[in-house]
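Shown next, in structure tokens, is the structure this report addresses.
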Amino acid sequence: MPELPEVETVRRGLESRLIDATVADVVVRDRRLRWAVAADFEAKLRGQRIVAIERRSKYLLFRLTKGNGTEKSTLLAHLGMTGSFVVHAADSPLAIKTHDHVDVVLTGRRESLVLRYNDPRRFGSMHHFAGLDAAQPLLAHLGPEPLTDQLTGEYLYQHTRRRSVAIKQALMDNTLVVGVGNIYANESLFRAGIHPDRAANQVSLARYKRLVLEVKTVLTEAIAAGGSTLRDFVNTAGQPGYFQLDYFVYGRDGQPCKVCATPLKLMRHGGRATVFCSSCQR
DNA sequence: CCGACAACCTGTGAGC
DNA sequence: TGCTCACAGGTTGTCG
């Protein structure tokens with residue numbers, strides 16, 4: 001389901017309802033996520049108050065405190081391919097659906113809430129750890145955030161000089177830059193006019209500058225649209241996205257390029273579909 | 001260090 | 001209607 005814009009959409013939805021709520025209970029129905037949910041997960045979370053909800057790459061970080069506020073910890077969650085968080089009022093009918101794996105029951109300022117995690121493919125994950133630890137193994141090797149000044153054309157150029165992989169694959173490498181998944185890699189390469197199969201070390205500095213501009217633009221547009229609507233994406237109110245981002249290439253193989261009408265081509269990089277225009281992208 | 005590929009899972013849609 | 005197959009937003013781990 002989620003790429004960075006979707007995760008950011010979820011983060012904003014959760015933030016609007018869960019700040020200052022306190023964990024009253026945790027129910028884990030299936031511990032078998034990407035990594036097994038720790039045996040002491042429920043106990044660690046009970047009594048914690050949510051003070052902030054942040055995002056790093058496609059991870060959500062719920063910042064927590066307990067007691068007088070000096071004891072800080074973090075709930076780290078990833079939605080994988082098919083995970084979703086939906087906030088329910090605790091007193092409304094709550095039929096358990098297939099793949100509703102985790103409930104976090106929260107005492108809010110006005111009403112009791114249930115934060116429910118559903119994930120059919122179970123590629124998502126949940127961890128609780130002490131502190132705000134940037135050294136957490138899952139976070140330690142992540143590249144810069146795309147929507148910060150840390151991502152520049154110069155940065156990408158410098159860090160791809162010895163990389164012969166296709167630019168498409170480099171762009172999706174989380175150690176180089178985070179948050180660019182398959183959809184937005186396809187879209188930003190099209191917008192930048194760069195052939196997805198071009199070796200990363202054969203892309204000029206000028207073209208990396210253009211690519212960075214397009215990555216930032218397409219991600220920003222998608223966030224503004226509330227996350228793209230793809231299959232089962234739902235926001236934290238349980239509603240599907242209301243806006244289908246107007247894709248140039250993603251999912252359009254065989255159809256005419258919206259710029260030059262050349263039929264779009266399909267190829268694969270690491271098992272992931274790449275759609276491109278052989279005329280517009282060089 | 002780099003790159004290729006398998007693995008983790010279930011659901012859905014296409015084709016027969 | 002029902003079966004089989006390919007494929008789907010992500011990331012880690014292993015091997016050469």
Side-chain angles (χ1 to χ4, degrees), chain A residues 1-11 29-37 55-60 76-85 97-102 117-127 136-143 145-146 158-189 196-202 215 218-219 222-223 225-235 240-241 243-245 247 249-254 266-275:
Chain A
M1 168 178 64
E3 291 204 24
L4 185 146
E6 289 75 18
V7 178
E8 179 61 21
T9 298
V10 169
R11 188 198 69 77
R29 295 184 196 81
D30 193 338
R31 314 193 84 82
R32 300 172 301 164
L33 302 185
R34 179 72 159 77
W35 292 276
V37 177
R55 179 188 57 72
R56 173 75 174 104
S57 183
K58 295 166 191 165
Y59 290 94
L60 291 165
L76 179 70
H78 197 291
L79 301 174
M81 294 269 249
T82 55
S84 62
F85 276 117
K97 301 191 300 297
T98 308
H99 308 307
D100 281 343
H101 302 314
V102 179
Y117 181 70
N118 181 285
D119 187 358
R121 289 176 76 178
R122 287 187 276 117
F123 284 178
S125 63
M126 280 194 215
H127 293 86
Q136 211 284 341
L138 293 172
L139 305 175
H141 303 293
L142 295 174
E145 286 288 325
Q158 288 167 10
H159 287 82
T160 51
R161 291 310 83 205
R162 284 173 297 280
R163 299 203 56 178
S164 60
V165 281
I167 180 66
K168 164 85 176 333
Q169 285 180 275
L171 199 53
M172 293 178 66
D173 177 352
N174 276 342
T175 66
L176 183 65
V177 57
V178 303
V180 185
N182 197 39
I183 297 172
Y184 300 115
N186 276 297
E187 292 300 309
S188 52
L189 284 166
D197 210 28
R198 177 174 287 274
N201 58 9
Q202 296 298 312
V215 165
V218 73
L219 291 178
I223 291 170
S228 59
T229 302
L230 264 177
R231 302 210 201 307
D232 43 301
F233 175 68
V234 294
N235 64 23
F243 181 95
Q244 176 72 52
L245 195 69
Y247 296 131
V249 289
Y250 181 77
R252 296 192 67 245
D253 55 294
L266 173 68
M267 64 185 302
R268 291 197 171 270
H269 290 99
R272 313 299 296 274
T274 302
V275 185

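A quick note: this is a predicted structure, and the numbers were derived from the prediction, not measured. Residue numbers begin at 1 in each chain, while the letters A, B, ... track the order of the sequences.
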Query raised in the report: Can you tell me if the side-chain N/O atoms of A/Thr82 get under 4.0 Å from OP1 or OP2 in B/dG11?
Result: no
Report summary line: Under the rule of Watson-Crick or G-U wobble with both distances under 3.5 Å, where | means paired to another strand and [ ] a crossing pair, DNA chain C maps to .|||||||.|||||||
**Report entry** Flag for A/Thr82-A/Asp119: side-chain donor and acceptor within less than 3.5 Å
**Finding:** yes
Query raised in the report: Parallel, tilted or perpendicular: which fits the ring planes of A/Tyr59 and A/His78, with parallel below 30° and perpendicular above 60°?
Result: perpendicular
Query raised in the report: Is a side-chain N or O of A/Arg29 found less than 3.5 angstrom from the main chain of A/Asp100, in a donor-acceptor match?
Result: yes
Query raised in the report: Which residue, A/Leu142 or A/Arg268, contacts DNA chain C at a nucleotide closer to its 5' end, judged by nearest heavy atom?
Result: A/Arg268
Query raised in the report: Base, sugar-phosphate alone, or nothing: which one does A/Ser125 contact when heavy atoms must sit under 4.0 Å apart?
Result: nothing
**Report entry** Distance below 4.0 Å between A/His141 side-chain N/O and C/dT12 OP1 or OP2
**Finding:** no
Query raised in the report: Is there a donor on the side chain of A/Arg121 or the base of C/dA8 sitting less than 3.5 Å from an acceptor on the other?
Result: yes
Query raised in the report: Tell me: NE2 of A/His78 to C1' of C/dT12, nearest whole Å?
Result: 11 Å
Query raised in the report: Can you find a donor-acceptor pair, distance only, under 3.5 Å between A/Arg122 side chain and B/dC9 base?
Result: no
Query raised in the report: For the side chain of A/Arg161 and the backbone of A/Arg163, is there at least one donor-acceptor N/O pair under 3.5 Å apart?
Result: no
Query raised in the report: Think A/Arg34 has a side-chain N or O under 4.0 angstrom from the OP1 or OP2 of C/dT11?
Result: no
Query raised in the report: Just checking A/Arg32: base, sugar-phosphate only, or nothing, at a heavy-atom cut-off of under 4.0 Å?
Result: nothing
Query raised in the report: Between A/Tyr59 (OH) and C/dT11 (C1'), how many Å, whole number?
Result: 7 Å
**Report entry** Distance between P atoms of C/dT14 and B/dC9 (Å, rounded)
**Finding:** 16 Å
Query - Length of the CH2-P vector between A/Trp35 and C/dG10, whole Å - result: 15 Å
Report task. Evaluate whether atom CZ of A/Arg162 has more than 12 neighbouring non-hydrogen atoms of other residues, nucleotides or ligands under 6.0 angstrom away. Result -> no
Requested in this report: For A/Leu60 and A/Phe85, run side-chain contact (heavy atoms from CB on, under 4.5 Å): C-alpha distance rounded to whole Å, both residues' side-chain angles, the deciding distance at 0.1 Å, then the answer.
Outcome: CA-CA 11 Å; A/Leu60 291 165; A/Phe85 276 117; 3.9 Å; yes
Query raised in the report: Is A/Asp119 touching bases, backbone alone, or none of the nucleic acid, heavy atoms closer than 4.0 Å?
Result: nothing
Requested in this report: May I ask whether A/Phe123 stacks on the base of C/dT11, given the cut-offs of 5.5 Å between ring centres and 30° between planes?
Outcome: no
Requested in this report: Would you check if the side chain of A/Glu3 reaches a backbone N or O of A/Asn182 as a donor-acceptor pair within less than 3.5 Å?
Outcome: yes
Query raised in the report: Between A/Arg31 (CZ) and B/dC9 (P), how many Å, whole number?
Result: 16 Å
Query raised in the report: Of the nucleotides B/dT10, C/dT12, C/dG10, which has the atom closest to the A/Leu138 side chain?
Result: C/dT12
Query raised in the report: When the distance from CG of A/Asp173 to C1' of B/dG3 is rounded to whole Å, what number comes out?
Result: 11 Å
Query raised in the report: To the nearest Å, how far apart are A/Lys168 NZ and B/dA4 P?
Result: 13 Å
Query raised in the report: Within this structure, what is the CE-to-C1' distance between A/Met172 and C/dT12, rounded to whole angstrom?
Result: 14 Å
Requested in this report: Answer yes if the side chains of A/His269 and A/Asp197 hold a donor-acceptor pair under 3.5 Å, and no otherwise.
Outcome: yes
Requested in this report: In whole angstrom, give the distance that lies between atom CG of A/Leu171 and atom P of B/dG3.
Outcome: 14 Å
